[in-house]
Amino acid sequence: MRSAPVVQNSRSVVHAPHAMVATSQPLATSAALAVLRDGGSAVDAALCANAVLGVVEPTGCGIGGDLMAIVHDPKERAVVGFNGSGRSPLALTRAVLEERGVTAIPARGGLAVSVPGCVDGWCALHERFGVLPLARVLEPAIGYAREGFPLSPVIAHEWAAGLANLKQYQSFTDQFAQDGKAPLPGRTFVRRGLADVLQRIAEQGRAAFYEGDVARAIERAVGADGGLLSMRDLADHAGEWVEPLCVTYRDLKVYELPGNTQGPTALEMLALLEHFDVASLDFQSADHVHLFTEIKKLAFADRARFIGDSSHPTSSGSAGDGSIVLDPGYVAERARLVSMERAAVEVPSGAPLVAQGDTVTLAVGDAGGQMVSLIQSNFRGFGSGIAPSGLGFVLQNRGELFDLSPGAGANAYAPGKRPFHTIIPGFAKRGGESYLAFGVMGGDTQPQAHAQVLSNLVDFGLDLQAAGDVPRWVHLGEASPTDTPAGGGIEGVGELVLETGIDAEVARGLEARGHRVRADAQRRSGHFGGYQAVARSSTTESSKRVYSGGSDVRKDGNAAGF
């Protein structure tokens, strides 16, 4: 590896001897640190941070959404995953959709709502890894919801956009507007209805959400807008402990959740990049960006065909968990398709042997060495727009991501099935020891950004903050798991979006290879996601292990430790 490129960090890497938290909101970071100081585990702190984020950053997450996590616990000596995604309504059959003339699940409204898995995920993670009472973990979120919190700038911007997009949903507007308008930065916003629901969860656990009055209100709100989510769907829901998939990238063992998430896509990108000497390329040169873009096209073509709910076997016989695309022979075959001279116009999926601000991600490490990467989302900002009256939260619209097309692959719609999921927590080991809990929010950006961040760390030697600070690029286009082109129906080579800071000469070099380039996209455009990371250094004879933290400049948050 050549010497690290010189980059200008937005802030310094944070180091601390005992514990570290990185989130997209300072209020969440400080609340999670207080939990750690009180003797809580990394999982306790992560759940606390997530709950606070659901209050102060509802533009990205909340109890109406889903949750995914990867935990490394020294006592269990394993990296474990939790898939907290909910399923489609049992009563919403293909026959019902056909009778209504529905050929694609809409982005908003009752039909888009799948069971929200967040609260069940909190309770499952807390039961296995929690130390403090759940009431203590949720206390800061309840306080901010009941007493109010001042909006931070990025969230105020996204809040205004969400209200404009969902103005037809009166219950949503009633609960998320202030004096009929979007709340301004620095203004205090109160969410007493949500405080009451969180208090009930703190006292009664998951039953407070999936049974009784709250479940009845969810059923009623979804049904009023044509959806068929029922109290039975809610009561029957349970998240799943899963074994993460893993590939080797340079000196790292990288872990991601299997399908129905796009974790296998991030791993396939890394496995493909392993066939190239990335470190020999000039950093953020046309060669560098071009290679990552062509790798992305290959992995996303496979994503569209092979990833779905692994509990529902596909017509092709594949499991849907995405593991088949990680076979070393298949990856080598796909890597040979990359041309460094020209952008590929059409990239079909292979044939392996069958064997947008809409999310929050956070990372925590505690004094005992437990580390967690947790990601949680409503999808599309505020989600479906369906907000049960008086409860203070909005329901997700993950059902939109099912494929209703004829001959659909692993993500074909079925009742009681989990849709394809964009949110992916990431984790890595180095030298057999826990090293990195990280994530990058942002829909289709996530696998691309996971690969870029890890390569920045190991191929180019950037520090933890710089690895996320440097300008990113995102390729839009190619088939998606919904059988529609990703990125707004862009045909052919798609569109390569370069963040401000990538040299204009690089854009010209990419255009010369056949890419359609949009240069100088602003960080607040929503294309580039938000990175949070906590790393733990390797043990040496002269020094104990310490934590480092990095937090994306594109968001309002920070990393902090003690």
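This chain uses plain numbering: 1 for the first residue, then up along the sequence.
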Between E433 and R536, does any NZ, NE, NH1 or NH2 come within less than 4.0 Å of an OD or OE carboxylate oxygen? no
Taking the six-membered ring for Trp, are the ring centroids of Y547 and H15 within less than 6.0 Å of each other? no
Sidechain N-carboxylate O distance under 4.0 Å for R192, E147: no
Measuring from L362:CG to M441:CE, what's the distance to the nearest 0.5 Å? 8.5 Å
Rounding to 0.5 Å, atoms CD1 (I201) and SG (C118) come to a distance of 8.0 Å
Distance-only, no hydrogens or angles: does the K296 side chain make a donor-acceptor pair with backbone N or O of H475 under 3.5 Å? yes
I'd like to know if the side chain of S455 and the backbone of A451 have a donor-acceptor N/O pair within less than 3.5 Å. no
So do the side chains of V534 and V364 get within less than 4.5 Å of each other, counting heavy atoms only? no
Run the side chain to side chain donor-acceptor pair (under 3.5 Å) test on Q396 and S377 for me, step by step, so that the C-alpha distance in whole Å, both residues' side-chain angles and the decisive distance to 0.1 Å come before the verdict. CA-CA 8 Å; Q396 66 183 6; S377 175; over 6 Å; no
Just so I know, are the side chains of L462 and V7 near enough to count as touching, which here means a heavy-atom distance under 4.5 Å? yes
Backbone N/O of F176 and side chain of W159: donor-acceptor pair under 3.5 Å: yes
Please check this pair: side chain of N378 against backbone of F382, looking for a donor-acceptor N/O pair closer than 3.5 Å. no
Should I375 and L67 count as side-chain neighbours, where that means a heavy-atom distance under 4.5 Å? no
Can you find a heavy atom in the side chain of L281 that is under 4.5 Å from one in the side chain of F276? no
Identify the heavy atoms of G549 and V13 that sit nearest to each other, and give their distance. O-CG1, 3.7 Å
Short side-chain to backbone donor-acceptor contact, Q370 and V43, under 3.5 Å: yes
Locate the shortest heavy-atom distance separating I424 from A266; write the atom from each residue and the value. CD1-CB, 4.2 Å
Kindly indicate, with the supporting measurements, whether the criterion side chain to side chain contact (heavy atoms under 4.5 Å, CB included) is fulfilled by Y144 and R191. CA-CA 8 Å; Y144 284 125; R191 304 180 66 187; over 6 Å; no
So, K555 and E57, do they make that salt bridge, N to O below 4.0 Å? no
Judged by modelled atom types alone, do T359 and Q376 share a side-chain donor-acceptor pair under 3.5 Å? no
Test side chain to side chain contact (heavy atoms under 4.5 Å, CB included) applied to V80 - qualifying residues, sequence neighbours left out: V71, E76, A78, R128, F129, W241
How long is the gap from CH2 on W473 to NE2 on H288, to the nearest 0.5 Å? 3.5 Å
With rounding to the nearest 0.5 angstrom, report the NE2 to CG distance, H421 to D309. 10.5 Å
If we ignore angles and hydrogens, is there a donor and acceptor under 3.5 Å between the side chains of D251 and Y435? no
Q465-S12 side chain donor-acceptor pair, cut-off 3.5 Å: no
Under the 3.5 angstrom rule, does the side chain of D66 hit a backbone N or O of G117 as a donor-acceptor pair? yes
Show the nearest heavy-atom pair for residues L125 and A69, with the distance to one decimal. CD1-CB, 4.1 Å
Please tell me if the side chains of R187 and L151 come closer than 4.5 Å, counting only heavy atoms from C-beta onward. no
Is R418 salt-bridged to E240, cutoff N-O under 4.0 Å? yes
Say whether, by atom type as modelled, one donor and one acceptor occur between the side chain of S551 and the main chain of T23 under 3.5 angstrom. yes
Between S85 and N260, do the side chains contain an N or O donor and an N or O acceptor separated by less than 3.5 Å? yes
Which heavy atom of R136 sits nearest a heavy atom of D38, and at what distance? NH2-OD2, 2.9 Å
Measuring from atom CG of L47 to atom CG of L138, what distance do you get when rounded to the nearest 0.5 angstrom? 8.0 Å
By side chain to side chain contact (heavy atoms under 4.5 Å, CB included), A437 pairs with (sequence neighbours left out) A363, M371, S373, F427
Quick one: list whatever passes salt bridge (Lys or Arg N to Asp or Glu O under 4.0 Å) with R472, sequence neighbours left out. D552
Passes side chain to side chain contact (heavy atoms under 4.5 Å, CB included), S24 versus Q532? Steps please. CA-CA 7 Å; S24 54; Q532 310 294 332; 3.8 Å; yes
Give a yes or no on this: more than 12 heavy atoms of other residues, nucleotides or ligands lie within 6.0 Å of atom CD of E243. no
In terms of side-chain heavy atoms, does N397 have a donor or acceptor partner in S384 at a distance below 3.5 Å? no
Can you establish whether the number of heavy atoms outside K253 located under 6.0 Å from its atom NZ is more than 12? no
Taking the six-membered ring where the residue is Trp, are the ring centres of F209 and F393 under 6.0 Å apart? yes
Contact check, side chains of T29 and L27, non-hydrogen atoms, under 4.5 Å: no
Donor + acceptor pair across side chains of Q452, Q448 (<3.5 Å): no
Does a side chain donor of either T422 or R398 reach within less than 3.5 Å of an acceptor in the other side chain? yes
Could R37 and F562 be counted as a cation-pi pair, given that NZ or CZ must be under 6.0 Å from the ring centre and within 45° of the axis? yes
For E127, I'd like to know if atom CD has over 12 heavy atoms of other residues, nucleotides or ligands within 6.0 Å. no
Stepwise, does the side chain to side chain contact (heavy atoms under 4.5 Å, CB included) test hold for F460 with V470? CA-CA 12 Å; F460 296 104; V470 293; over 6 Å; no
Look at R303 together with D444 and state whether they make a salt bridge at an N to O cut-off of under 4.0 Å. yes
Heavy-atom donor-acceptor pair, D44 side chain to V131 backbone, under 3.5 Å: yes
Given side chains that start at C-beta, do those of Y249 and D459 come closer than 4.5 Å, heavy atoms only? yes
Validation row, ring centre H450 to ring centre F438 under 6.0 Å: yes
Given 3.5 Å as the limit, does a donor-acceptor pair link the side chain of D302 with the main chain of V325, or not? no
How many angstroms lie between CG in D321 and CG in N83, if you round to the nearest 0.5 Å? 11.5 Å
Return the minimal non-hydrogen interatomic distance between Q25 and I155, and the atom names on each side. NE2-CG1, 3.3 Å
I want to check something: taking the side chain as every heavy atom from C-beta on, are E499 and R554 in contact at a cut-off of under 4.5 Å? yes
Taking atom types as modelled, find out whether S10 and D469 have a side-chain donor-acceptor pair closer than 3.5 angstrom. yes
Pair I307-N411, side chain to side chain contact (heavy atoms under 4.5 Å, CB included): steps then yes or no: CA-CA 6 Å; I307 294 179; N411 192 43; over 6 Å; no
Check: T261 side chain, G263 main-chain N or O, donor-acceptor pair, under 3.5 Å: yes
So which atom in C48 and which in P140 form the shortest heavy-atom distance, rounded to 0.1 Å? SG-CG, 3.8 Å
